[in-house]
There are 2 protein chains.
Amino acid sequence: MMENVDKYELIMSSSRKLIEEIGFSALTMDKVAQKAGIAKGTVYLYFKDKNELMEKVLSLGFKRMFERIKGKVEKEKGGIEKLKTLISENLNYIYENRYFFKTIFLDEVNIVFLKKKSKESLNLRRKRYTNFIGEIIKSEMQSGRFRGDLDPLKVGYMLASLIKTNAIYNFINDKYELTEGMIKKDSEDIFNLLIHGIIRPHT
Amino acid sequence: MMENVDKYELIMSSSRKLIEEIGFSALTMDKVAQKAGIAKGTVYLYFKDKNELMEKVLSLGFKRMFERIKGKVEKEKGGIEKLKTLISENLNYIYENRYFFKTIFLDEVNIVFLKKKSKESLNLRRKRYTNFIGEIIKSEMQSGRFRGDLDPLKVGYMLASLIKTNAIYNFINDKYELTEGMIKKDSEDIFNLLIHGIIRPHT
DNA sequence: TTGCATAATGACTTTAAAGTCATTATAATA
DNA sequence: TATTATAATGACTTTAAAGTCATTATGCAA
């Protein structure tokens with residue numbers, strides 16, 4: 001099946017542009033074809049179905065990101081330098097491809113199929129929670145117990161994210177039934193990470 | 001419009017159970033009605049449309065979580081204690097409602113509409129990246145520069161999450177055009193948070 | 001116990017998007 | 001240029017799920 005690489009690339013890039021412009025929920029095969037300036041049937045000559053097309057577009061996006069970061073990081077020597085590079089390269093990549101990752105990050109399924117108004121109402125709820133956390137952190141900063149060089153709201157947001165991520169990590173590893181002790185350990189880990197970071201305290 | 005509260009609650013709880021069992025992508029109004037043991041038309045007597053039903057179910061879930069955490073946290077005195085309580089209460093709530101949050105957390109739109117095989121392939125890609133980060137952290141732990149009491153893979157996962165969250169935070173605040181300096185600042189903030197935490201170093 | 005209002009039903013209609021395929025266009029070869 | 005193979009087309013078919021509404025059931029007040 002001698003594929004016309006140019007048209008394959010055209011469909012891929014058109015899909016990617018559409019994802020950036022309208023997100024996943026509004027993306028249809030008709031729109032992909034229209035964006036690429038070809039007939040819908042042609043899309044199906046290069047991709048088995050919508051699922052395959054979306055998978056290829058997403059895979060490519062992550063593959064490129066990973067390869068670039070990996071390349072840069074492996075040039076660094078120490079672990080600390082590696083981590084620094086990893087973080088800044090990852091952020092750089094995200095912002096270079098900002099509209100793609102905006103969709104990836106924000107179009108979570110729990111809100112993507114909802115109407116604009118409902119989305120806003122849920123986002124407001126999330127914001128209220130992170131503000132709540134942010135206020136606690138802010139007051140600790142003002143009293144001098146926490147470093148004052150960070151945006152307290154952002155730190156609040158990150159703490160919420162750490163909590164969520166901890167749970168995701170367990171779920172992904174098929175840990176659904178946690179004992180009280182395991183939850184306690186996780187809580188302490190998150191707390192210590194947030195407060196003291198991961199560096200070894202010199203005693 | 002004297003609503004029959006019992007039936008309203010019945011539809012809400014049936015929807016919630018369905019979300020836990022099959023996720024958002026497979027949830028249909030027919031299934032909701034079937035689960036509740038009523039006719040589909042009845043569902044539309046209590047909820048304007050599917051969007052409204054989903055919004056109400058999600059809102060209730062988050063509202064309950066927020067209220068419980070808030071109640072517990074406000075009983076604590078210091079910021080440190082508040083944060084400790086917040087984290088453990090949040091985790092407790094998540095695990096008490098584990099199948100609900102599993103769907104909320106894992107059914108991200110970027111994979112939810114994909115078939116199982118595609119999901120697995122994308123999850124593998126994510127795993128490869130977090131493993132990559134985890135290995136760096138692990139070697140630092142082994143050499144004694146990082147504390148050794150944490151699961152390096154989980155820390156890697158959390159770092160990936162911090163990076164992602166940082167970007168989301170900016171996007172949510174309509175910051176899409178970041179200067180090089182802003183990205184640098186963000187990178188440093190994440191790095192410092194991860195390494196040193198948020199406590200003020202005593203000089 | 002009858003009549004009226006409210007609630008519930010589920011077969012049916014609508015909608016929207018995926019996916020197909022007979023037909024047409026293009027390009028390569030003889 | 002004629003012949004054939006390959007690529008492209010878009011009107012049409014299928015699918016699936018949302019949403020509707022004429023009909024039926026239920027419960028309550030007179």
Just to confirm, is there a sub-4.0 Å distance from OP1 or OP2 of [N] to any side-chain nitrogen or oxygen of [X]?
X: B:Lys40; N: D:dA18; value: no
X: A:Tyr46; N: D:dA7; value: no
X: A:Lys7; N: D:dA8; value: yes

(request) Check every atom of D:dA7, C:dA7, C:dG10 against the side chain of A:Leu45 and return the nucleotide holding the closest atom. (result)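 Among the listed nucleotides, the one closest to the side chain of A:Leu45 is D:dA7.
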(message) Which heavy atom of A:Ser15 sits nearest to which heavy atom of A:Leu27, and what is that distance?
(response)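 Between these two residues, the closest heavy atoms are O-CD1, 4.0 Å.
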(request) Only counting residues at least two apart or in another chain, list the ones meeting side-chain hydrogen bond (donor to acceptor under 3.5 Å, both in side chains) with A:Arg68. (result)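 Partners of A:Arg68 by the side-chain hydrogen bond (donor to acceptor under 3.5 Å, both in side chains) criterion, ordered by chain and then number, come out as A:Glu89, A:Glu96.
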Measure [atom1]/[X] against [atom2]/[N] and give the value in whole Å, please.
X: A:Lys48; N: C:dT20; atom1: NZ; atom2: C1'; value: 15 Å
X: B:Phe24; N: D:dA17; atom1: CZ; atom2: P; value: 17 Å
X: A:Tyr44; N: D:dT13; atom1: OH; atom2: C1'; value: 13 Å
X: B:Asp6; N: C:dA7; atom1: CG; atom2: P; value: 13 Å
X: A:Gln34; N: D:dT9; atom1: CD; atom2: C1'; value: 15 Å
X: A:Ile22; N: C:dA16; atom1: CD1; atom2: P; value: 15 Å
X: B:Leu18; N: D:dA17; atom1: CG; atom2: P; value: 13 Å
X: A:Ile11; N: C:dG19; atom1: CD1; atom2: P; value: 14 Å

(request) Mind checking salt bridge (Lys or Arg N to Asp or Glu O under 4.0 Å) for B:Glu135 and listing every partner two or more places apart, or none if nothing turns up? (result)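 Applying salt bridge (Lys or Arg N to Asp or Glu O under 4.0 Å) to B:Glu135 gives none.
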(message) Which is more 5' along DNA chain C, the nucleotide nearest A:Ala26 or the one nearest B:Ile38? Just name the residue.
(response)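 The residue closer to the strand's 5' end, by nearest nucleotide, is B:Ile38.
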(message) If you assign A:Asp30 and A:Gly41 each to the DNA chain C nucleotide with the nearest heavy atom, which residue ends up on the more 5' nucleotide?
(response)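 Here A:Asp30 is the residue nearer the 5' end.
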(request) Tell me, with the steps shown, if B:Leu53 and B:Met29 meet side chain to side chain contact (heavy atoms under 4.5 Å, CB included). (result) CA-CA 10 Å; B:Leu53 172 57; B:Met29 293 302 259; 4.1 Å; yes
(message) Just to be sure I understand the rule, does A:Thr42 reach a base, reach only the sugar-phosphate, or reach nothing, if contact means heavy atoms closer than 4.0 Å?
(response)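 Base contact - A:Thr42 has a heavy atom under 4.0 Å of at least one base atom.
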(request) Classify the side chain of A:Lys50 and the base of C:dA17 as holding, or not holding, a donor-acceptor pair under 3.5 Å. (result)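 Under the 3.5 Å cut-off, the side chain and the base do not form any donor-acceptor pair.
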(message) Check B:Lys35 with B:Glu21, please: is the shortest side-chain N to carboxylate O separation under 4.0 Å?
(response)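 Yes, B:Glu21 and B:Lys35 are salt-bridged.
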